[in-house]
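For reference, the structure discussed in these notes is given below.
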Amino acid sequence: MDYLDSLNPEQRQAVLHDGKSLLILAGAGSGKTRVITTKIAYLIRERGYAPWSILAVTFTNKAAREMAARASSLDERAGGAMLRTFHSFGAWFLRRNAALAGLNSGFVIYDDDDAVSLLGTLMADASKAELRETATLISRAKDYFLSPEDPELDRVDYRPKFRKIYGLYEEKKRKIGNVDFGDLIKLPVEILRNNPELASRFRERFSVIMVDEYQDSNVAQFRLLSELAGETTYICVVGDDDQSIYRFRGAEVKNILEFPDRFPGTDIIRLEQNYRSFAPILNLASSVVDHNEGRLGKTLRACRIGGKKPALVFLPSQDEEASFCAELVERSTGGKKAERARYSDWAILYRTNAQSLGFETELLRRRIPYKVVGSLKFYEREEIKDALALLALVVNPRDEVAFRRVINKPARGIGGTSVEKIVAAFESGEAFRDPGIPASTGAGVPVPAEPGRSVRNPVSQAKSGVRSSGGIRAARSGAQTQFDFEDAAGRINFDTDAIDDSDKISPEEEPFPGERFRGDFSDEQGLLDAARRLVLPPKAALGIETFAAILGRVRGLLAGNGRANGGFASRRDGTDDRPANVRPGGRANGGTADKPAAGKPEAGKSPSPDLRSGEGLSVCVAVLIRDSGLAEYHTAHDEINGYQRIGNLQELVNAASLYPADTAGLLEFLEHIELDRSIEEDNRSGDFDAVTLITLHNTKGLEFRRVILTGLEQGIFPRNDKEADDLEEERRLFYVGATRAMDELYLCSCALRRMYGRTQSMLPSLFLQEADRSSLRVIGAAPAGFLSRTESHAAGARRAYGPLQSRRSSDGRWQLGERVFHDDQGYGNVAGIEEGEDGPVVKVRFDNGYETRFLSAYQSSKFTKIGNKD
DNA sequence: TAGTTTTAAGTTTTT
DNA sequence: CTTAAAACTA
């Protein structure tokens, strides 16, 4: 049990815990990942759980990978556990049970952009912004597990119009046969509900379910969990309500607050020992988040006593802010070797991505290496999305969204009118083929698996190169039900043979049951028929023929390889989940966001943008991009960035080389891209020493020796449209940011800031008013009165800057932050105004610490308002 | 139909 | 200021 020795009593208790279910409230830096991974190892070693009976869910691929790596290092058998993100688990489940949701197992996953495009076909005269908004609402609805006909849908949007559009959207998506992100959670829940027998098989399979970052789970994810949890399932969730920062996209803090109610018999263990930060840093962070209500409450204890107090730095402008940060970094990395910091010890945190620019410029100027985390969105680039749409169309010929995207790109003379004609003809089923013949080709073809046959394939595991403790699932229970294989990293081996019938991948007579669909958008013959029969401009007809030929060729290439009928193929490299060189070249020396692939021949040098293809699927991808004319289109279109775009396309081609050149490989490639688009700094940053520039949101789960929180100004952080609940979330964001720091923490607040080309004067962040002053040291010109002990922070700041908040309460009588006097309690500030059932409720926090709330309409006469108003 | 000019707007984000 | 989308013209 030596691996347990390094745990503190609470951690050990959490690892050894035995019972029905467990809620681990893990404060920042309390060793939560360590507990989870150790627990996985412990359950396998000491408690005899089969690795494959353990399911651990995270929210990001990064976290999943880290967990897999750490658990495996404790016990190599842990590699056999299923460690996935919620969505990747959903996709895994759905591929195996697609038919039960009326889907083909070869579905493609739509991202938000695709959803917007799909909506565009339904709301012809809507603006882009409206489409976006609707897409967000639909996504939110799915977060709450609400279907179009659900009465509760009003919670998301009460307009009947929304309900209708949502319904149409679902209908069309179903017709196309693809799924969106929300479906990856929602559909599995529905399948499990409607198929009790299947559900019980899954409950049998997973004896242990663990969830990381549980505070970020949404309602749908909770439902999924509930469906998977049987009477005997051991559920262990880990989270920190103070770190819930994704409410805006559907995360439901209630999930963690009410977990003990939802799963009776839950034990709660708190991990409050913080190993990361020096005491003053924790004090500061806690003093701010303490202003939130509705917390479970935790007191973090610092292990690391001493250390510098966090510095509060007042700066004249954002330029000074940038140079101050650079200065800090420069000074720390020079000097005596023994105390010299590395660039990678530093992280500069900001609220919005737009703020990174100033820091980039300054660091670039001073030749300080840096990396920007999360800003570049490789897979969201136009050229990449175009190429992916072509690929998606090969996989799913019914993908109208993809079809619309690429049919006339580059221009083939097929304008809007022609496109509409084609789509309408296909939709109405105007016969291009004999009705009896299923339209599908290539993918979209079901995975072969005979009902009643139980097949397993130990070979697939040997082939993956990593011998995990794998083997046959559910051996432990000795149950007749057995499940499929996975490789050491817990990924699916897509080998057809390895798929067990018990996961219900049943052959389908028709690829899309219940539909009569006679043409495919990417079907060569169908397109040619369309070109011939529809009344189209000659140019358009010709264009369609060209297009059909391109797709036909690629499909031919795919079909020529591997098994004719596709199915899932195993990945060449079983251990690494992701292509090594997915992203475009680094910013290895602190370059700008976009650079062509380093070390690769400059595509721009040659006049014709030829893509080099390597092995496997990359051949097909290269052919597709070349033949479709996408490369030329983008070079011609964008003279400045054209060559970069070719570089990006080249990267896509490279990434594809890790996959087999058949339909199944293509499908897998697409799924991988959709589900893991975070292009990690893995390959280049490993030991690459650079300052990290990162948004506050992106820092969750990370730690740095030295952290600078920038832009601590009203309107920036917290953002200006925040009140009540939203403000609490911002406060948690502050908490998350501050607790990333191990050794040193700096808080920057600027008096002036350029916004939208205008220079604006700023006020110090509310959070600076709330922070415990005794854990801070001030650098720079503090606004007059800010630190005076004879007046309150708020009053001092207001004197220096004018009113802190000009936001009015709903009745206009009370302002947030407003100074008040009470005959009994003395001075205080309006700390919150909330909408209650009987009108606005005003919350006052007095200087003596006492808090009170009252209805705005019935305020006591003991209150006197003081201070200036606007 | 395609490209150009004008105008408006400007979070956080994984999957 | 910088970008994206609507409006406009060849």
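Letters A, B, ... are given to chains in the order of the sequence lines, protein chains preceding strands, and every chain is numbered from 1. All heavy atoms count here, side chains included; hydrogens, waters and symmetry mates do not.
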Just to verify, what does [X] make a side-chain hydrogen bond (donor to acceptor under 3.5 Å, both in side chains) with, not counting sequence neighbours?
X      : answer
A:R249 : none
A:D183 : A:K142, A:K173
A:D157 : A:R159
A:S217 : A:N255

How far, in whole Å, is B:dT12 from C:dA5 if one measures between their P atoms?
15 Å
So which heavy atom on A:L696 is nearest to which on A:G737, and how close?
CD2-CA, 3.8 Å
Those residues of residues 241-250 of chain A lying under 4.0 Å from DNA chain B by at least one heavy atom:
A:Y246, A:F248, A:R249
Using whole Å, what does the distance between atom [atom2] of nucleotide [N] and atom [atom1] of [X] come to?
X      : N      : atom1 : atom2 : value
A:D143 : B:dT14 : CG    : C1'   : 11 Å
A:L224 : B:dT15 : CG    : P     : 17 Å
A:L675 : B:dT15 : CG    : C1'   : 6 Å
A:D676 : B:dT13 : CG    : C1'   : 15 Å
A:Q714 : B:dT11 : CD    : C1'   : 16 Å
A:E730 : B:dT12 : CD    : C1'   : 8 Å
A:L670 : B:dT15 : CG    : C1'   : 15 Å
A:N698 : B:dT11 : CG    : P     : 16 Å

Tell me, please, which residues at least two apart from [X] pass ring pair (Phe, Tyr, Trp, His ring centres under 6.0 Å).
X      : answer
A:F359 : none
A:Y350 : none
A:Y166 : A:F162
A:F767 : A:F717, A:F734

Covered region of DNA chain C, 5' end to 3' end, by chain A [heavy atoms, under 4.0 Å]
C:dC1 to C:dA6
Return whichever of A:E380 or A:H697 has its heavy-atom-nearest nucleotide of DNA chain B closer to the 5' end.
A:H697
Output field: ring centroids A:Y246/A:F59 closer than 6.0 Å:
no
Under-3.5 Å N/O pairs linking protein and nucleotides 2-10 of chain B:
none

Less than 4.0 angstrom between a side-chain N/O of [X] and OP1 or OP2 of [N], yes or no?
X      : N      : result
A:N218 : B:dT14 : no
A:T695 : B:dT13 : yes
A:T417 : B:dT1  : yes
A:N61  : B:dT14 : no

Hey, does A:D111 reach any base, or is it just sugar-phosphate, or nothing, if we go heavy atoms under 4.0 Å?
nothing
Need one value for A:G90: base, sugar-phosphate or nothing, where a base atom within 4.0 Å counts as base even if backbone is also close, heavy atoms only.
nothing
How far does [atom1] of [X] sit from [atom2] of [Y], to the nearest 0.5 angstrom?
X      : Y      : atom1 : atom2 : result
A:I109 : A:L670 : CD1   : CG    : 9.0 Å
A:R405 : A:D113 : CZ    : CG    : 7.0 Å
A:D180 : A:L118 : CG    : CG    : 9.0 Å

Could you point out which residue of A:E730, A:R732, A:Q215 forms a side chain to side chain contact (heavy atoms under 4.5 Å, CB included) with A:I245?
A:R732
As a test of reading the structure: which of B:dT13, B:dT15, B:dT11 is closest to the side chain of A:R351, going by heavy atoms?
B:dT11
Within a reach of under 6.0 Å around NZ of A:K254, are more than 12 heavy atoms found that belong to other residues, nucleotides or ligands?
no
Enumerate, in order of first residue number, the stems that involve DNA chain B, defined as 3 or more consecutive Watson-Crick or G-U wobble pairs with both distances under 3.5 Å.
B:1-10 with C:1-10
